[in-house]
S.K.: 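Input: one structure, supplied below.
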2 protein chains.
Amino acid sequence: MTVPPLKLEEFLPFRLSLASNLVSRRIAETYEAEFGLSTTQWRVMAVLGEYPGMTATELTQKTALDKVAVSRAASALVNRGLIQKRTRPDDNRRAALSLTEAGERVYAEVIPRARKMEADLLKALPRETLDALDKALSELTEAAEA
Amino acid sequence: MTVPPLKLEEFLPFRLSLASNLVSRRIAETYEAEFGLSTTQWRVMAVLGEYPGMTATELTQKTALDKVAVSRAASALVNRGLIQKRTRPDDNRRAALSLTEAGERVYAEVIPRARKMEADLLKALPRETLDALDKALSELTEAAEA
DNA sequence: CGCCTTTGGTTTCATCTGCAACCGGTTGAA
DNA sequence: TTCAACCGGTTGCAGATGAAACCAAAGGCG
């Protein structure tokens, strides 16, 4: 009772993972070497640029990282002076995180590069394919969630 | 001179990574707990089911894993008796890997479950969206390679 | 109030990953 | 032949990752 073999190269989860890893690596090239940021640190900074004052727990949701990763990325960024942490007066457990001046400068360098790399990677795709990709990712994410 | 903030939740590389991670996790549920396989081990088995007798180096390409990962996955699978390794007479450095009987049995259990999970995850997507997704992943992979 | 539970965040530990060094076999040029 | 360069595969080590234990502050209920 044999099973028809699986063609891994056509198996969508594999293809998705492959594309995602390659794309992530290209994006990482825009910040790793030059700015010494890890992917998780980059994500934290990216979100703080959009939402200053977020707490670690809130970052967890926005970045899709677990709280350990956020905690470590944040403390590394604080040590490097790229973000600051202010304990909230209304709740001493929470701390509002935000970019420092130095962090803002790095942000202003790093974000445009990421955008540009994204555009380069996507430029071969016609608009409709892109729309469909977007839709497919939304549906897949929803279907695969919890 | 501020930069318009990046909306991470609309940034395609992030969305891609998110979808990929969630999907991979769901697929992993079909083999991790029940069969004690890691993702890399599963990939190695999946490819050997399709191409018996491959060498580790060849597996490297098919699985998109680096040679260290393949080496370790293979030795774990050999220890568990799921694959066998036969040194090739024409070159004593290489070894042809293939599923054992026990490995075939696991393969026959594991592959249909992965297929079913894939189908479940994709069932909300209309055919054209799926085609576009497929095309987009191919183009993205190519654009991001090397 | 005082106590128990919950919550935000950190630390610990065990595992995974990936690069680089390494080992033995093979190849090819002198 | 012989020896150096190369190749397939393994191992060692350092950094990344995640689950679970942990700590301190806050909330809720008697």
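Reminder, nothing fancy here: chain letters follow the sequence lines and each chain counts from 1.
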S.K.: Please report, to 0.1 Å, the donor-acceptor pairs under 3.5 Å made by any side chain of residues 36-46 of chain A, with sequence neighbours excluded.
M.R.:
from	atom 1	to	atom 2	distance (Å)
Ser38(A)	OG	Thr40(A)	OG1	3.2
Ser38(A)	OG	Gln41(A)	N	3.1
Thr39(A)	OG1	Tyr31(A)	OH	3.1
Gln41(A)	OE1	Ser38(A)	N	3.3
Arg43(A)	NH1	Thr63(A)	O	2.9
Arg43(A)	NH2	Ser17(B)	OG	3.2

S.K.: Using the side chain to side chain contact (heavy atoms under 4.5 Å, CB included) criterion, which residues pair with Asp91(B)? Sequence neighbours excluded.
M.R.: Arg93(B), Arg94(B)
S.K.: Tabulate below the donor-acceptor pairs under 3.5 Å that side-chain atoms of residues 64-79 of chain B make, not counting sequence neighbours, or state none.
M.R.:
from	atom 1	to	atom 2	distance (Å)
Asp66(B)	OD1	Ala69(B)	N	3.3
Ser75(B)	OG	Arg72(B)	O	3.4
Asn79(B)	ND2	Ser75(B)	O	3.3

S.K.: Give the first and the last nucleotide of DNA chain D, reading 5' to 3', that has any atom under 4.0 Å from a heavy atom of chain B.
M.R.: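 From 5' to 3', the first and last contacting nucleotides are dC7(D) to dG12(D).
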S.K.: Could you pull out all residues at least two apart from Thr100(B) that satisfy side-chain hydrogen bond (donor to acceptor under 3.5 Å, both in side chains)?
M.R.: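 Partners of Thr100(B) under the side-chain hydrogen bond (donor to acceptor under 3.5 Å, both in side chains) test: none.
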S.K.: Side-chain polar contacts of residues 116-124 of chain A - donor-acceptor pairs under 3.5 angstrom, sequence neighbours left out - could you list them?
M.R.:
from	atom 1	to	atom 2	distance (Å)
Lys116(A)	NZ	Asp120(A)	OD2	3.3
Glu118(A)	OE2	Leu12(B)	N	3.0

S.K.: For Arg94(A) and Arg25(A), take the nucleotide of DNA chain C holding the closest heavy atom to each; which residue's nucleotide lies nearer the 5' end?
M.R.: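 Its nearest nucleotide lies further toward 5', so the answer is Arg94(A).
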S.K.: Of all residues at least two apart in sequence or in a different chain, which pass the side-chain hydrogen bond (donor to acceptor under 3.5 Å, both in side chains) check with Glu29(B)?
M.R.: Arg26(B)
S.K.: Using side-chain hydrogen bond (donor to acceptor under 3.5 Å, both in side chains) as the criterion, list what pairs up with Arg115(B), not counting sequence neighbours.
M.R.: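 Listed in chain order: nothing, the list is empty.
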S.K.: Starting at atom CD of Glu32(A), determine the distance to atom C1' of dG18(C), rounded to an integer number of angstrom.
M.R.: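 Going from Glu32(A) (CD) to dG18(C) (C1'), I get 12 Å.
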S.K.: Please state whether the base of dT26(C) and the side chain of Arg93(B) form at least one donor-acceptor pair under 3.5 Å?
M.R.: no
S.K.: Output the rounded distance in Å from CG (Asn92(A)) to P (dT7(C)).
M.R.: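 Distance, rounded to whole Å: 18 Å.
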S.K.: Would you say that more than 12 heavy atoms from the other residues, nucleotides or ligands in this model lie under 6.0 Å from the CZ of Arg25(B), or not?
M.R.: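 At most 12 heavy atoms, drawn from other residues, nucleotides or ligands, come within 6.0 Å of this atom.
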S.K.: Going by side chain to side chain contact (heavy atoms under 4.5 Å, CB included), name the residues that satisfy it together with Ser98(A), two or more places apart in sequence or in a different chain.
M.R.: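 Only Pro52(A), Gln84(A), Arg86(A) meet the side chain to side chain contact (heavy atoms under 4.5 Å, CB included) criterion with Ser98(A).
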S.K.: At how many degrees, to 10°, do the end axes of the helix from dC1(C)-dG30(D) to dA30(C)-dT1(D) meet when each uses five pairs?
M.R.: 0°
S.K.: Counting only non-hydrogen atoms, which of residues 52-88 of chain B are less than 4.0 Å from DNA chain C?
M.R.: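 Contacts with DNA chain C under 4.0 Å: Asp66(B), Val68(B), Arg72(B).
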S.K.: Could you tell me which residues satisfy side-chain hydrogen bond (donor to acceptor under 3.5 Å, both in side chains) with Gln61(A), sequence neighbours excluded, listed by chain and number?
M.R.: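 In terms of side-chain hydrogen bond (donor to acceptor under 3.5 Å, both in side chains), with neighbours along the sequence ignored, Gln61(A) is linked to no residue.
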S.K.: Both Ser38(A) and Asp91(B) contact DNA chain D. Which one's nearest nucleotide lies toward the 5' end?
M.R.: Asp91(B)
S.K.: To the nearest 0.5 angstrom, please state how far the OG1 atom of Thr30(B) sits from the CD atom of Glu109(B).
M.R.: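 Result: 11.5 Å between the selected atoms.
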